[in-house]
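One structure is given here, and the rest of the page talks about it.
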Amino acid sequence: MHENFQIKNLEEYFKIYRKSVEYPNAFWEEIAEKNFVWREKWKTIMSGDFESTNIKWFEGAKLNITENCIDRHLDKQGDKTAIIFEPNNPDEKTEHISYNNLSKRVNKFANILKQKGIKKGDRVCIYLPMIPELAISVLACARIGAIHSVVFAGFSSQALSTRINDSKCKLIITSDGSYRGRKTINLKEIVDEALNDCSCIEKVLVVNRINAKINMESGRDEWVEPLLNKASDICEPEIMEAEDPLFILYTSGSTGKPKGMVHSTAGYMVYTAYTFKNIFQYNENDIYWCTADIGWITGHSYIVYGPLANGATTVMFEGVPNYPDYGRFWEIIEKNKITQFYTAPTAIRALAKENLKFVEKHDLSSLKVLGSVGEPINEEAWNWYNENIGKKNSPIVDTWWQTETGGIMISPIPYVTPTIPTFATLPLPGIQPAIMNSNQEELQGNQVEGSLCIKYPWPGIARTIWGDHNRYKQTYFSTFKDMYFTGDGAKRNEVGYYRLTGRVDDVIIVSGHNLGTAPIEDAINEHPNVAESAIVGFPHKIKGNALYGYITLKNTTNNEDLLRNEINQIITEQIGPIAKLDKIQFTIGLPKTRSGKIMRRILRKIASNEISDLGDVSTLLNPEIVDEIIKRRI
Ligand code: WTA
């Protein structure tokens, strides 16, 4: 992204912002025109609207995103490091992958995929730890026009098979195992179990990471290394239409199965590249590190596509923040002279409670920008981050966005927007937020609070839910007319800054992970002794929110702890350990409305210990149950 597109001061921001609202299409056209390589130009900049939900950007254009993320950098900066790989074990060597080397490895991998019969439009599942092959296989799919569906390698076999089946992936890329701190995890075993339920998978490509002896099913499974050794390092890019899907990424909904959000090629590229350049104020020799996993949208947009489209150096870290000790992040910053550091509030809170000596041992003076993403950052964590990591010298960008938005939507621009803790501050150019009340009215002016919507399409918006456009319409465009509904609540303060106030639906953000209550309840209800369950969130010092389950049983038990373990075991198997409940209260009933709906509002308050303020419970079908639950709360 050209320097001219980097906003340098507040006055310029307001000027550009106004222009982007008045002439949104012209605004994005100039960015697209001047910053990317196109095989063919678009015929229309934008078409469609939130009413018809058929949004298209840059229709008629042809491109390949890997030409933009790799090939075009080779001439001038082929030897520059594209990816720095920091292994789990600090004694293992850091790997510097140059753009030249990345190009060769992506092309080789792309050729293997082709050999295995993968063609444009086919879905490829990627279930890998944070090793270079993860970024490489993502880009290899994009090279040949295959649609990647990365599944976070912490998900269970059942969660994996649901995702594979939903988008009918033909091939899966995995590894024998992964390292996480002191643990090793046998990923291939999880894949084998998942594949018992997936008839669509024809081939399994296995990367060797931990030298494990694993089951290899002949005819189906193959090690990647020998194939790579033989493959050519030249693979012509598949020329894609602007609106061809680039990837599917699953995110939890408040009900039902996970939603496979589909992102397009051109719009997503333009949006992630532009936002990366501005929000991290990335300059040529900076070393940027985002600690997310590529299994989440943050990793897709701000480890892989956004940074590489800018010719940046991006770090991939395989490990965890507390291995070998709580100083690991700070050690990596010092060692690589990281300039921009992007992480999640849950990590900040976990590290802030450890001894400061873990921080003080390291020279963090290379840092220029600190980022936060995934959930609201509370004031205490913000201050700790600012004082101890940024030494009050690095602005914090509290970036609000979603899997569905493709890229950052509301965030300070560092050195441009004055920051206030807990405020994501101002929308990026091209983004038009609205705060709505429950009567479908947009609340004008400042000092208002309501549901956060977006009024005008932006290039990065997900175009559909894989296989279920109707659900896409229902979820995002039916609550408010002609608006994209985010599912988040927000406030606008006296100077027009936005503060996110949390989900207004049944999604709970635990340690930055979106968890829908319904799938967890479905899992719990499979226990033979569970009659009914309701999950709510409650504030947690490290995780932001944790899960509290109210469960009614078919038969009473004299071993509640055993039952609690069994229930968490089912959740771990069906979803993954991230969805385990912190507290489980067995109860003889759940508060219900006269129409039989569980009153989660009351349960939420009880779990959060706000019992003095339960509101009117007399209209409930069974008001007496409320006292009973309060008496026995955990
Ligand atoms: C929440 C992650 C407050 C929000 C990029 C959103 C935030 C959901 C912030 C999306 C923030 C994300 N402040 N809340 N800075 N960033 N959220 O899809 O509730 O994993 O709707 O995307 O995380 O989570 P997702």
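Atoms within a ligand are numbered from 1 in the order they appear, just like the ligands themselves.
- Each of the following atoms of ligand 1 lies closer than 4.0 Å to a heavy atom of I509: 1 (C), 8 (C), 19 (O), 23 (O).
- When each atom of ligand 1 is checked for a heavy atom of L500 under 4.0 Å away, the hits are 3 (C).
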Can you check salt bridge (Lys or Arg N to Asp or Glu O under 4.0 Å) on D506 and R604, steps first, answer last? CA-CA 11 Å; D506 285 329; R604 232 175 265 138; 3.6 Å; yes
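- Below 4.0 Å from some heavy atom of D488 lie the following atoms of ligand 1, by number and element: 4 (C), 6 (C), 19 (O), 21 (O).
- For the atom pair OG1 (T343) and CZ (F317), the distance works out to 10.5 Å, reported to the nearest 0.5 Å.
- An N or O contact shorter than 3.5 Å links Q402 to ligand 1 by distance.
- In summary, the aromatic rings of Y472 and F477 are positioned with their centroids under 6.0 Å apart.
- Counting only heavy atoms of the protein, atom 11 (C) of ligand 1 lies nearest to E375 O, 3.5 Å.
- Heavy-atom proximity to T298, at under 4.0 Å, picks out these atoms of ligand 1: 5 (C).
- Considering backbone and side-chain N/O of T403, one or more are found under 3.5 Å from N/O of ligand 1.
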One pair to check against side-chain contact (heavy atoms from CB on, under 4.5 Å): S264 and E243. What are the steps and the verdict? CA-CA 5 Å; S264 71; E243 282 294 318; 3.9 Å; yes
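- Within ligand 1, the atoms closer than 4.0 Å to a non-hydrogen atom of D398 are 11 (C), 13 (N), 15 (N), numbered from 1 in the order shown.
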Should T275 and Y302 be marked as a side chain to side chain donor-acceptor pair (under 3.5 Å) after you check the CA-CA gap, both sets of side-chain angles, and the distance that decides it? CA-CA 9 Å; T275 48; Y302 299 110; 2.5 Å; yes
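- Considering backbone and side-chain N/O atoms, G374 comes within less than 3.5 Å of an N/O atom of ligand 1.
- At a heavy-atom distance under 4.0 Å, only side-chain atoms of R503, from C-beta outward, approach ligand 1.
- Aromatic ring centres of Y268 and W57: separated by at least 6.0 Å.
- Atom 10 (C) of ligand 1 has its closest protein heavy atom at W401 O, 3.6 Å.
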Start with the C-alpha gap between Y484 and K455, add the side-chain angles, then the distance that decides, and say whether side-chain contact (heavy atoms from CB on, under 4.5 Å) holds. CA-CA 7 Å; Y484 165 79; K455 287 194 274 191; over 6 Å; no
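- Taking the centre and axis of the six-membered ring of F538, the NZ or CZ atom of K583 falls inside the cone set by 45° and 6.0 Å.
- With 3.5 Å as the limit, one finds a donor-acceptor pair spanning the side chains of N437 and E441.
- Here the heavy atom of the protein found nearest to atom 3 (C) of ligand 1 is P376 N, 3.2 Å.
- Ligand 1 places these atoms under 4.0 Å from at least one heavy atom of V373: 5 (C).
- Short contacts between ligand 1 and T399, defined as distances under 4.0 Å to a heavy atom of the residue, involve ligand atoms 9 (C), 11 (C), 15 (N), 16 (N).
- Here the two rings, on Y288 and Y282, have centers that are 6.0 Å apart or farther.
- Residue-to-ligand polar distances keep T486 apart from ligand 1: every N/O pair is separated by 3.5 Å or more.
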